[in-house]
Amino acid sequence: MSNKGWWVPPEGEDNLTEKFLRKTRESPLVPIGVGGCLVVAAYRIYRLKARGSTKLSIHLIHTRVAAQACAVGAIMLGAMYTMYRDYIKRVSEDPEKSDS
């Protein structure tokens with residue numbers, strides 16, 4: 001069997017697509033944060049021509065700050081969701097379990 005130099009994962013391990021989908025199900029806000037960063041970066045690169053008299057370094061700093069804001073926002077949403085799931089939702093379900 002020739003694999004033409006491609007790395008093949010051992011049997012029982014996920015391929016890249018399955019691993020990405022599994023990780024997305026485990027923490028869905030990570031791809032949203034990455035996507036937000038990419039969208040902001042793509043938009044700011046597109047707007048690079050119309051930056052006017054703004055220096056390139058300032059434009060790039062603004063791009064980085066906006067992309068980081070998307071990532072931090074996704075992290076904050078993930079933390080809030082985890083806190084809700086672990087504390088608020090669990091506490092509201094516990095009295096129902098103790099009554100049974």
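Between the OH atom in Y81 and the CG atom in D86 there is a gap of 9.5 Å [rounded to 0.5 Å].
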Pair up each side-chain donor or acceptor in residues 59-73 with any protein partner under 3.5 Å, not counting sequence neighbours, and list the distances.
{"residue": "H59", "atom": "ND1", "partner": "R44", "partner atom": "NH2", "Å": "3.4"}
{"residue": "H59", "atom": "NE2", "partner": "R44", "partner atom": "O", "Å": "2.9"}
{"residue": "T63", "atom": "OG1", "partner": "R44", "partner atom": "NE", "Å": "3.4"}
{"residue": "T63", "atom": "OG1", "partner": "H59", "partner atom": "O", "Å": "2.9"}
{"residue": "R64", "atom": "NH1", "partner": "Q68", "partner atom": "OE1", "Å": "3.2"}

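Counting side-chain heavy-atom gaps under 4.5 Å among Ile, Leu, Val, Met, Phe, Trp and Tyr, I58 is found in no cluster with other residues.
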